[in-house]
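I have placed the structure first, in the form of structure tokens, so that the comments after it can refer back to it.
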Amino acid sequence: GKLTNVSGKAKLDFNKVLIENLQGQFSNGKIEATGEIPIFDSQNTEINNPLSVKLEQLLLNLKGLYQGSASGNLAITGSVLQPEIGGEIELSNGQVLLADSDTLNLSLTNSNLSTVAINKQNNISDIEDDITTLNNLVIKLGKNVQITRLPIFNFLASGELNVTGSLDFLYPQELSN
């Protein structure tokens with residue numbers, strides 16, 4: 001989807017972005033952001049009000065992963081160039097789609113090979129592949145969330161998953177129901 005009807009106020013400081021209020025519509029839902037985040041280096045920049053992003057009733061269609069509603073409050077730390085996403089997202093009225101491990105490994109391998117090939121071609125180091133990381137992101141399975149791997153199984157689930165790591169290498173820290 002596209003972010004539309006964006007309004008608000010943000011300022012660029014020498015080394016950080018200050019968002020007084022930024023809001024918009026995304027995928028039939030609403031996104032609001034306030035706070036500040038360093039542009040380059042999070043260790044040498046004083047942050048008084050970390051960036052927080054509120055998600056309200058977004059309808060997501062993440063091909064091969066999840067289709068349904070999502071709401072929550074995210075805490076964005078790190079920097080603009082290397083964000084760390086934490087907070088909480090609740091999924092509802094949707095399906096988590098599980099691929100078989102052979103298909104998943106093949107698609108990840110092909111994806112990683114393409115990324116490495118493109119990065120090598122553009123002289124970008126492999127370190128930059130891990131730009132965005134998740135830092136204690138809690139994913140809650142709310143009302144009417146199905147876990148599906150057709151035609152093998154399809155069941156309703158509840159609980160939460162605490163995830164940390166780069167988007168290329170995620171690992172759960174804790175799973176509860």
Side-chain angles (χ1 to χ4, degrees), residues 1-11 16-39 47 49-99 103-104 107-108 111 115 129-150 153-177:
K2 294 180 183 179
L3 187 60
T4 60
N5 299 325
V6 178
S7 65
K9 189 173 183 180
K11 297 178 185 176
K16 61 185 170 182
V17 177
L18 303 138
I19 299 173
E20 291 181 20
N21 183 6
L22 190 61
Q23 54 189 335
Q25 301 292 314
F26 180 79
S27 193
N28 293 333
K30 186 176 178 181
I31 296 178
E32 293 181 22
T34 59
E36 50 194 279
I37 187 167
I39 296 171
I47 298 296
N49 181 22
L51 181 60
S52 65
V53 179
K54 182 177 182 180
L55 310 173
E56 292 181 16
Q57 296 301 313
L58 305 183
L59 292 178
L60 300 179
N61 186 5
L62 305 174
K63 189 172 182 171
L65 295 174
Y66 177 70
Q67 297 171 338
S69 182
S71 295
N73 293 300
L74 301 177
I76 314 294
T77 57
S79 68
V80 170
L81 298 178
Q82 291 185 314
E84 295 178 14
I85 302 171
E88 186 175 289
I89 294 178
E90 183 170 350
L91 306 179
S92 60
N93 300 316
Q95 280 188 322
V96 175
L97 307 165
L98 300 179
T103 303
L104 186 58
S107 80
L108 286 175
S111 171
T115 302
D129 288 346
D130 298 331
I131 291 175
T132 301
T133 58
L134 302 181
N135 185 12
N136 293 317
L137 178 65
V138 176
I139 300 173
K140 291 187 171 187
L141 302 181
K143 287 177 129 182
N144 300 320
V145 175
Q146 298 174 357
I147 306 294
T148 304
R149 181 170 172 214
L150 296 175
F153 59 80
N154 180 11
F155 57 89
L156 286 174
S158 64
E160 61 184 49
L161 181 66
N162 187 332
V163 184
T164 294
S166 73
L167 295 178
D168 287 339
F169 183 73
L170 294 175
Y171 58 94
Q173 286 186 318
E174 181 179 332
L175 181 63
S176 63
N177 61 5

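Since the model is a prediction, treat every value here as computed from it, not as a measurement.
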- Query: Is there a side-chain contact between Val17 and Ile39 (heavy atoms, below 4.5 Å)?
  - Reply: yes
- 4.5 Å side-chain heavy-atom contact, Phe153 and Leu98: yes
- Note on the structure: The side chain to side chain donor-acceptor pair (under 3.5 Å) partners of Glu32 (sequence neighbours excluded) come to Lys30
- Begin from the C-alpha positions of Asn49 and Leu18 and carry the test side chain to side chain contact (heavy atoms under 4.5 Å, CB included) through to its verdict. CA-CA 9 Å; Asn49 181 22; Leu18 303 138; over 6 Å; no
- Task: Could you tell me whether the side chain of Asn136 reaches within less than 4.5 Å of the side chain of Asn162, counting heavy atoms only?
- Result: yes
- Check step by step if side chain to side chain donor-acceptor pair (under 3.5 Å) holds for Asn61 and Gln67. CA-CA 4 Å; Asn61 186 5; Gln67 297 171 338; 3.2 Å; yes
- Do Ser71 side-chain atoms and Gln57 backbone N/O form a donor-acceptor pair below 3.5 Å? yes
- Report yes if some heavy atom in the side chain of Thr164 is under 4.5 Å from a heavy atom in the side chain of Leu134; otherwise report no. no
- Residues forming a side-chain contact (heavy atoms from CB on, under 4.5 Å) with Ala157, sequence neighbours excluded: Leu141, Ile147, Phe155
- Query: Do Glu84 and Thr133 have side chains that get closer than 4.5 Å, going by heavy atoms?
  - Reply: yes
- Query: What is the minimum heavy-atom distance between Ile131 and Leu81, and which atoms define it?
  - Reply: CG2-O, 2.9 Å
- Message: Could you check whether any side-chain heavy atom of Leu60 comes within less than 4.5 Å of a side-chain heavy atom of Phe26, counting everything from C-beta outward?
- Response: yes
- Query: With a 3.5 Å cut-off and no angle check, do the side chains of Asn21 and Thr34 form a donor-acceptor pair?
  - Reply: no
- Query: Between Thr4 and Gln25, do the side chains contain an N or O donor and an N or O acceptor separated by less than 3.5 Å?
  - Reply: no
